[in-house]
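Remember, it's 1-based here, ligands and their atoms both numbered in the order they're listed. FYI, side chains are in, hydrogens and waters are out, and symmetry mates aren't considered; it's all heavy atoms of this structure.
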Amino acid sequence: MRGIKIIGTGMYMPDTVASNDWFSTILDTNDEWIYSRTGIRERRISETEPNWSMSSKAAKAAVENSGIDPSEIDLVLAATCSPDYFYPAMSCIVQQQVGAVNAAAFDINSACTGFINALDTASRFLQDDDYRNILIVAGERLAPHCDYTDRTASILFGDGAAAAVVTKNSKPMYSYLSAKGDYFNALYCKVDQSRANCPLLKPDSLPEGIINTEAKTHFMQMNGKAVYKFAVDAMETAVNKVLAKAGLTTADIDLYIPHQANSRIIESAVKNLKLPPEKVYVNVEKHGNTSSACIPTCLAELGDKIKEGMRICLVGFGAGLTSGAIVFTQ
Ligand code: COA
């Protein structure tokens, strides 16, 4: 039986606040439109700090909070869709920064579902005697990939990092993971190969589906309406599937932590699932969508409010299109 216990959390947000009012100085938008459609008031932008640095700070805070020595970490998993390097994996840099000298390390990219997939992976490693403590860090620096002339998408996203140290637990954990690659072009960011200099290379074909100008192909492309519809359905399905696996009902859960993309998406899913809103943690107003970092940021903000024996449901969705939910007892 799989089980995980969170023994430490940490987070790091860059200093620069990009408020809705700031967006109204660069785009034809305003606080009323953004807040009423998304629930977001502000998000952080990392002006100069790379993702690995933000992620390492969050990871160090989580390890310190856990009370274990960095040498006791057996695996570092980094969830990110905005690494600073193709390679090495960001987890290797975090491993070095944290001093997790005995740990293996690899990255997981399932965009905003990254922390869910990483926690699920961690729980499977923890079934092995060789793995006792796993550091999961989720960090994103999305600002370089967003098009700040696109008022529909750029207003949604923020930068930041958060981490959790997890260990074995005899209390069971359940997960449901899904991917719908048919919809990959609803949300994507293409690798920029425009500076390649192999004389044989020609421009490769672009994904169909989103109207794109050649000049902007390296920015995030999003079909907001398609993602919105998917997100509400995916959250409902993932929660129902994981609860069915666990033999639980929605009332058996003490705390729900959804991916923080948009408060309207969360409210619709909460309504459809008939969840008590007071059990659902929402912080999208101050951070926006930090992709994989959203859920661990909630965990870090909750801190000591996450008590032993609490039954927690995490649910997320993102590019892929991916989705998933985890139920565990702390
Ligand atoms: N400010 C003012 N007007 C804006 C605007 C902004 N920031 N963004 C879009 N608009 C305008 C549009 O141009 C459009 O104008 P028009 O009717 O004159 O053409 C109008 O508002 C409605 O646009 P629409 O795209 O239909 O808005 P929406 O209600 O679908 O909201 C999103 C747009 C992006 C907020 C919403 O679709 C959404 O949240 N989707 C999910 C995205 C997401 O979560 N992605 C990450 C997943 S991990």
### Lys5 side chain near Val166 side chain, heavy-atom distance below 4.5 Å
no

### Query
Looking at side-chain heavy atoms only, is the closest gap between Ile257 and Phe115 below 4.5 Å?
no

Filter the ligand 1-protein atom pairs down to N or O on both sides and distance under 3.5 Å, then list them.
residue	atom	partner	partner atom	Å
ligand 1	1 (N)	Thr29	OG1	2.6
ligand 1	3 (N)	Trp33	NE1	3.4
ligand 1	3 (N)	Arg151	NH1	3.4
ligand 1	7 (N)	Thr29	OG1	3.0
ligand 1	7 (N)	Arg151	O	2.9
ligand 1	13 (O)	Arg151	NH2	2.8
ligand 1	26 (O)	Lys225	NZ	2.4
ligand 1	29 (O)	Arg37	NH1	2.7
ligand 1	30 (O)	Lys225	NZ	3.1
ligand 1	37 (O)	Gly224	O	3.4
ligand 1	39 (O)	Asn262	ND2	2.8
ligand 1	40 (N)	Gly224	O	2.9

Side-chain donor-acceptor pairs of residues 316-330 under 3.5 Å, sequence neighbours excluded:
residue	atom	partner	partner atom	Å
Thr322	OG1	Ser110	O	3.4
Thr322	OG1	Thr113	OG1	2.7
Thr322	OG1	Ala319	O	3.0
Gln330	OE1	Ile6	N	2.9
Gln330	NE2	Ile6	O	2.7

### Carboxylate-amine/guanidinium proximity below 4.0 Å for Lys171 and Glu308
yes

### Task
Tell me, please, which residues at least two apart from Thr290 pass side-chain hydrogen bond (donor to acceptor under 3.5 Å, both in side chains).
none

### For Asp128, side-chain hydrogen bond (donor to acceptor under 3.5 Å, both in side chains) partners two or more places apart
none

